[in-house]
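As structure tokens, the structure follows; a few thoughts come after it.
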Amino acid sequence: MLDGHPLGDHTGEQLASLRRQRIGYLSQEPAPIGFLSAEENTVLILRIRGWDADTAAERAVTALTRAGLADLARQRVRRLSAGEAQRLALARALASARGLLLVDEPTSRQDETNARAVAALLAAAAHEEGQTVICATHDPTVIGRADQVIALDG
């Protein structure tokens with residue numbers, strides 16, 4: 001079920017369209033495009049998902065700012081640290097999520113300060129934006145926010 005509608009009634013292409021339109025996803029091994037900037041990476045994901053250029057650009061800047069990457073928005077991804085690249089992937093997922101955000105080990109490459117910021121960002125996505133957030137993690141920082149984020153430990 002998605003928004004009260006059974007998914008079994010959809011064709012494969014309709015399900016793919018729903019995924020593109022509604023679900024933000026951060027894999028455990030994010031793979032942003034190295035020769036693009038952080039902002040270009042985020043805009044590209046949104047454009048692929050059907051956002052117009054202006055809206056995609058605005059949404060990308062907002063997501064990168066929320067992920068603590070505003071100063072690195074024009075930096076080429078290959079020059080980012082592993083933690084920054086992971087936060088970029090989270091920004092892409094946040095920007096593209098419209099109802100469901102799936103994240104796998106979102107703090108695995110973060111220092112303690114950034115791990116807390118990521119946990120707060122996920123909680124805000126759930127509480128303030130109404131996203132359903134499902135998070136696979138071993139990080140007690142995120143698990144401690146389980147009242148707002150569904151955190152799956154192990």
Side-chain angles (χ1 to χ4, degrees), residues 1-34 36 38-51 55-56 58-69 72-73 77 80-112 114-154:
M1 299 285 284
L2 179 64
D3 290 338
H5 304 311
L7 294 177
D9 296 343
H10 291 80
T11 65
E13 183 54 40
Q14 288 171 324
L15 289 172
S17 178
L18 278 172
R19 283 192 299 270
R20 280 190 304 272
Q21 292 172 9
R22 303 294 306 275
I23 299 172
Y25 176 66
L26 169 64
S27 70
Q28 190 170 14
E29 295 294 331
I33 302 167
L36 295 178
E39 184 176 0
E40 291 167 336
N41 262 273
T42 309
V43 168
L44 177 63
I45 293 299
L46 294 170
R47 296 288 289 143
I48 288 170
R49 290 173 174 241
W51 294 79
T55 304
E58 290 173 22
R59 196 163 174 92
V61 168
T62 299
L64 290 166
T65 300
R66 292 180 62 214
L69 297 171
L72 299 173
V77 170
L80 298 177
S81 71
E84 291 164 343
Q86 185 180 40
R87 283 186 285 134
L88 164 58
L90 178 59
R92 293 185 334 176
L94 285 166
S96 61
R98 288 188 277 180
L100 179 59
L101 179 61
L102 303 171
V103 294
D104 189 1
E105 296 292 351
T107 59
S108 62
R109 292 172 180 82
Q110 304 301 317
D111 60 26
E112 186 176 339
N114 283 317
R116 289 182 195 281
V118 166
L121 190 55
L122 293 173
H127 183 67
E128 297 167 14
E129 297 171 25
Q131 302 282 359
T132 297
V133 179
I134 300 175
C135 177
T137 186
H138 294 91
D139 187 340
T141 305
V142 177
I143 294 169
R145 297 253 187 192
D147 62 319
Q148 296 168 323
V149 175
I150 299 168
L152 306 172
D153 183 12

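Bear in mind that the values here come from a model prediction, so they are computed numbers and not experimental data.
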Report yes or no: does Thr107 contribute a side-chain atom to a donor-acceptor pair with the main-chain N or O of Gln110 at less than 3.5 Å? no
Side chains of Gln14 and Thr11, heavy atoms from C-beta outward: is any pair under 4.5 Å? yes
Nearest-0.5 Å distance, CG of residue Leu64 to CD of residue Glu39: 7.0 Å
Regarding Arg66 and Glu128, does a basic nitrogen lie under 4.0 Å from an acidic carboxylate oxygen? no
Taken to the nearest 0.5 Å, the spacing of Asn41 CG from Leu69 CG works out to 11.0 Å
Could you check whether Glu40 pairs with Arg47 (Lys NZ or Arg NE/NH1/NH2 to Asp/Glu carboxylate O, under 4.0 Å)? no
Could you grab the distance from atom CG of Leu26 to atom CG of Leu94, nearest 0.5 Å is fine? 8.5 Å
Any Leu100 side-chain heavy atom under 4.5 Å of Arg22 side chain: no
Using side-chain heavy atoms (C-beta onward) and a distance below 4.5 Å, is Ile134 in contact with Val103? no
Nearest heavy-atom pair of Cys135 and Leu122: which atoms, and what distance? SG-CD1, 4.3 Å
Quick check against the 3.5 Å criterion: does Gln86 have a side-chain atom that pairs as donor or acceptor with the backbone of Glu105? yes
Tightest non-hydrogen contact, residues Thr42 and Ala91, listed as CG2-O, 4.4 Å
Go through it in stages, so that I can follow the logic: the residues are Gln21 and Ser17, the test is side-chain hydrogen bond (donor to acceptor under 3.5 Å, both in side chains), and I'd like the CA-CA distance, side-chain angles, deciding distance and then a yes or no. CA-CA 6 Å; Gln21 292 172 9; Ser17 178; 2.9 Å; yes
Taking every non-hydrogen atom, the tightest pair across Arg109 and Pro30: NH1-CD, 4.0 Å
Can you measure from OG (Ser27) to CG (Leu102) and round to the nearest 0.5 angstrom? 11.5 Å
Strictly distance-based, threshold 3.5 Å: is any side-chain N or O of Gln131 a donor or acceptor partner for the main-chain N or O of Ala125? no
So Arg20 and Glu13, salt bridge (charged side-chain N to carboxylate O under 4.0 Å, His left out) or not? Walk me through it. CA-CA 11 Å; Arg20 280 190 304 272; Glu13 183 54 40; 3.2 Å; yes
Looking at every heavy atom in both Val43 and Ala60, which two are closest together, and how far apart are they? CG2-CB, 3.6 Å
Quick one: CZ on Arg59 to OG1 on Thr55, what's the gap to the nearest 0.5 Å? 9.5 Å
Listed once per pair and sorted, the side-chain hydrogen bond (donor to acceptor under 3.5 Å, both in side chains) pairs that draw on residues 95-104, sequence neighbours left out: none
Measuring from Leu101:CG to Leu90:CG, what's the distance to the nearest 0.5 Å? 7.0 Å
Closest non-hydrogen atoms of Pro32 and Leu88, given as atom of the first, atom of the second and distance, are CB-CD2, 3.7 Å
Can you give me the closest heavy-atom contact between Arg92 and Ile33, atom names plus distance? NH1-N, 4.3 Å
